[in-house]
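Each remark here refers to the structure printed beneath this line.
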Amino acid sequence: MSATNAQKAYRCPGCAQLVEPGTAHVVVWRDDSIFGDRAVEDRRHWHSACWRVA
């Protein structure tokens, strides 16, 4: 997600710190979820660096 589009704070599951509004980051979700289209509801917002080392 670009910094411009990042409007809210999210808790990064990689480091448990906040991804602050205005911070570019990665949004991920499982593509093989048994919940199909609802899987996007389980998306998580990660700091880009946390995602790279996960």
Side-chain angles (χ1 to χ4, degrees):
M1 177 173 288
S2 71
T4 303
N5 289 335
Q7 301 289 317
K8 295 173 30 181
Y10 299 95
R11 183 74 53 191
C12 175
C15 67
Q17 300 298 311
L18 285 180
V19 178
E20 297 288 347
T23 303
H25 61 280
V26 181
V27 182
V28 298
W29 61 91
R30 293 180 60 102
D31 66 351
D32 63 349
S33 172
I34 61 171
F35 299 111
D37 291 340
R38 282 190 38 222
V40 83
E41 295 172 12
D42 293 329
R43 66 188 177 270
R44 297 293 176 256
H45 297 252
W46 290 67
H47 292 107
S48 298
C50 293
W51 180 250
R52 282 193 296 273
V53 298

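- Under the side-chain contact (heavy atoms from CB on, under 4.5 Å) criterion, Pro21 pairs with Ala9, sequence neighbours left out.
- Nearest heavy atoms, Ser48 versus Ala24: OG-O, 4.1 Å.
- Legend: residues meeting side chain to side chain donor-acceptor pair (under 3.5 Å) with His45, ordered by chain and number and at least two apart, are His25.
- For Thr4, there are no side chain to side chain donor-acceptor pair (under 3.5 Å) partners two or more places apart in sequence or in a different chain.
- Its side chain outside the 4.5 Å cluster rule for every partner, Leu18 clusters with none of the Ile, Leu, Val, Met, Phe, Trp and Tyr residues.
- Through direct or indirect side-chain contacts shorter than 4.5 Å among Ile, Leu, Val, Met, Phe, Trp and Tyr, Val26 is connected to Val28, Trp46, Trp51.
- Checked against side-chain contact (heavy atoms from CB on, under 4.5 Å), Gln17 has the following partners two or more places apart in sequence or in another chain: Cys15, His47.
- Cluster annotation: Met1 and Trp29 are assigned to the same hydrophobic cluster (Ile/Leu/Val/Met/Phe/Trp/Tyr, side-chain heavy-atom contacts under 4.5 Å, transitive).
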